[in-house]
Amino acid sequence: MRRRRTPPPPSPLPQRAGIDAVRVRLPVDGAWSTVREYLADRLSAAGADVVDSMFAAGLFVGADGRPIADDAPYEPGMYVWFHRELPAEVPVPFPLEVVHRDEHVVVADKPHFLATTPRGSHVTETALARLRRELDVPSLGAAHRLDRLTAGLVLFTVRPEERGAYQALFRDRRVRKEYEAVAPYDPSLALPRTVRSRIVKERGVLAAFEVEGEPNAVSRVELLERCPQRGLGRYRLVPGTGQTHQLRVHMSTLGVAILGDPLYPEVAPPVPAGDFRRPLQLLARELAFTDPVTGREHRFRSGRSLGAWSAYEGWAAGQ
């Protein structure tokens, strides 16, 4: 019989700019004599001087919220909390709209260029951190993720104890997701069609790619309308699975890569921070599901439009 894992104690430190304090649990088996020795090893990238200055400032705290002394003896299993220094970030100058809010969930309409959750160099300029600050809901968590370059609907949970139930909706494919995209129009491409392939995304490699083998990615592609003057089409994309960059890969494979895509069909050079021109023309338009907590049927639609379709000249000029 498996023993139930004891949950960690709550953080004694409040969030900072919508970001949780870092929690570290000291390993059960270790040869360190003090907490400082362990943290100096764990945070070696920051440097021992930084760790020492944080101890001097009382920035490492225990479960009781009290600062830990630099000579405190090592205790296996002990929890330590601290705040990392937040990186300087260029603000994403587009609004984050809330389309639905109740006691269980928040549905936000995310703009292009805003990451869903803190990761890498995007920490405070993320949808999760923004919503925690703007709605004053520190417990808010993401039920799924949307690529930073993709705009549209994202589901967040209010109560941590309910988050798993909503995450399971996405894991078990019980959410109907519908996307829109603007891409070249190819009269020889027969649509609608369902694309099936095996997609692989390797750690450290920006672009995903297709390989031979059992399909793990399924996408329905439909043409909604076309603009003959510009040779463009507006497409409805319905993913049957959730592989990384799946829709972008499949559109590129069909020969109609989504406008503004910096990875497909070829990886473009990185753009400077703060360059918000010509966003990827991909929008998470609709989310529909049965609420696992209340049993209510939900259907949400994004109110955003894709610039390359509604105002092509402005989009192309990077305005």
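A quick note: this is a predicted structure, and the numbers were derived from the prediction, not measured.
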> Under 3.5 Å, is there a donor-acceptor pair linking the side chains of T157 and E162?
Replying inline: no
>> Are the side chains of T253 and V195 in contact, using a 4.5 Å heavy-atom criterion?
In response: no
> So, for L59 and F82, which heavy atoms are closest and what is the spacing to 0.1 Å?
Replying inline: O-CB, 3.5 Å
>> Test of understanding: with ring pair (Phe, Tyr, Trp, His ring centres under 6.0 Å), list the residues that count as partners of H245, not counting sequence neighbours.
In response: Y264
> Hey, which of E178, E286, E180 is the one that makes salt bridge (charged side-chain N to carboxylate O under 4.0 Å, His left out) with R236?
Replying inline: E178
> Which value, rounded to the nearest 0.5 Å, describes the distance between F60 atom CZ and H83 atom NE2?
Replying inline: 12.5 Å
> Side-chain heavy atoms under 4.5 angstrom apart, residues restricted to Ile, Leu, Val, Met, Phe, Trp, Tyr: same cluster for V61 and L39?
Replying inline: no
>> Which residue is it: D71, D52, D41? I am looking for the one with a side chain to side chain donor-acceptor pair (under 3.5 Å) to R36.
In response: D52
> What are the two closest heavy atoms between Q246 and P239, and how far apart are they?
Replying inline: NE2-CB, 3.7 Å
> Distance from F276 atom CZ to F113 atom CZ, nearest 0.5 Å?
Replying inline: 7.0 Å
> Just wondering, do Y312 and L232 contact through their side chains at under 4.5 Å, heavy atoms?
Replying inline: yes
> For atom CZ of R42, is the number of surrounding heavy atoms from other residues, nucleotides or ligands below 6.0 Å larger than 12?
Replying inline: no
> Per the side chain to side chain contact (heavy atoms under 4.5 Å, CB included) rule, which among L223, L224, V256 passes with L191?
Replying inline: L223
> So how far is it from K110 NZ to H112 NE2, rounded to the nearest 0.5 Å?
Replying inline: 8.0 Å
> R230: what forms a side-chain hydrogen bond (donor to acceptor under 3.5 Å, both in side chains) with it, not counting sequence neighbours?
Replying inline: E313
> Distance from M54 atom CE to I68 atom CD1, nearest 0.5 Å?
Replying inline: 11.0 Å
>> Please determine whether residues V35 and V51 belong to a single hydrophobic cluster, defined as Ile, Leu, Val, Met, Phe, Trp and Tyr linked transitively by side-chain heavy-atom distances below 4.5 Å.
In response: yes
>> Please give me the minimum heavy-atom distance between Q15 and P138, naming the atom from each residue.
In response: NE2-O, 2.6 Å
>> Restricting to non-hydrogen atoms, name the atom on W81 and the atom on P10 that form the minimum distance, rounded to 0.1 Å.
In response: CZ2-O, 3.8 Å
>> The test is side chain to side chain contact (heavy atoms under 4.5 Å, CB included); show your working for R285 and Y179 and say whether it passes.
In response: CA-CA 5 Å; R285 173 66 75 190; Y179 291 72; 5.9 Å; no
>> Under a 4.0 Å threshold between the charged nitrogen and the carboxylate oxygen, would R299 count as salt-bridged to E297?
In response: no
> Checking side chain to side chain contact (heavy atoms under 4.5 Å, CB included) against V22, which of V24, D20, I19 comes through?
Replying inline: V24
>> What I'd like to find out is whether the side chain of E202 reaches to under 4.5 Å of the side chain of F209, using heavy atoms alone.
In response: yes
> So which heavy atom on Y235 is nearest to which on D186, and how close?
Replying inline: OH-N, 4.3 Å
> Do F156 and L135 come within less than 4.5 Å of each other through their side chains, counting heavy atoms only?
Replying inline: no
> Got a donor-acceptor contact below 3.5 angstrom from the S310 side chain to the L306 backbone?
Replying inline: yes
>> Are the side chains of I258 and S252 in contact, using a 4.5 Å heavy-atom criterion?
In response: no
> Just one of R130, R148, R119 clears the salt bridge (charged side-chain N to carboxylate O under 4.0 Å, His left out) bar with E125, so which one?
Replying inline: R130
>> Please determine whether residues F300 and L155 belong to a single hydrophobic cluster, defined as Ile, Leu, Val, Met, Phe, Trp and Tyr linked transitively by side-chain heavy-atom distances below 4.5 Å.
In response: yes
> Between V50 and L43, does a side chain to side chain contact (heavy atoms under 4.5 Å, CB included) hold up when you go through it step by step?
Replying inline: CA-CA 9 Å; V50 172; L43 306 176; over 6 Å; no
> Does a donor on one side chain and an acceptor on the other come within less than 3.5 Å for S302 and D109?
Replying inline: yes
>> Test side chain to side chain contact (heavy atoms under 4.5 Å, CB included) on L169 and Y166; report intermediate values, then the result.
In response: CA-CA 5 Å; L169 290 175; Y166 290 97; 4.1 Å; yes
>> If I take atom CG from residue N216 and atom CD from residue E210, how far apart are they, to the nearest 0.5 angstrom?
In response: 9.5 Å
> In terms of hydrophobic clustering (I, L, V, M, F, W, Y; side-chain heavy atoms under 4.5 Å; direct or indirect links), are V98 and F94 co-clustered?
Replying inline: yes
> At what distance, to the nearest 0.5 angstrom, does CH2 of W309 lie from CD of Q281?
Replying inline: 11.0 Å
> Under 4.0 Å between a Lys/Arg side-chain N and an Asp/Glu carboxylate O for E225 and R234?
Replying inline: yes
> Hey, are the side chains of V175 and L287 touching, using non-hydrogen atoms and a 4.5 Å cut-off?
Replying inline: yes
>> Checking R132 against L128 for the side chain to side chain contact (heavy atoms under 4.5 Å, CB included) test, could you report, in this order, the C-alpha distance in whole Å, the side-chain angles of both residues, the deciding distance, and whether it holds?
In response: CA-CA 6 Å; R132 283 175 170 175; L128 179 60; 3.8 Å; yes
> Side-chain contact, heavy-atom cut-off 4.5 Å: H122 with V92?
Replying inline: no
> So which heavy atom on A181 is nearest to which on L237, and how close?
Replying inline: CB-CD1, 3.8 Å
>> Using a 6.0 Å cut-off, check whether atom CZ of R277 has over 12 heavy atoms from anything other than its own residue.
In response: no
>> Applying ring pair (Phe, Tyr, Trp, His ring centres under 6.0 Å), can you list everything that pairs with F170, at least two apart in sequence or on another chain?
In response: H144
> Counting heavy atoms not belonging to R84, are there more than 12 under 6.0 Å from its CZ?
Replying inline: no
> Can you get from L13 to F55 by hopping between Ile, Leu, Val, Met, Phe, Trp and Tyr side chains that sit under 4.5 Å apart?
Replying inline: no
>> Does any part of the side chain of T150, heavy atoms only, come nearer than 4.5 Å to the side chain of L280, both counted from C-beta?
In response: yes
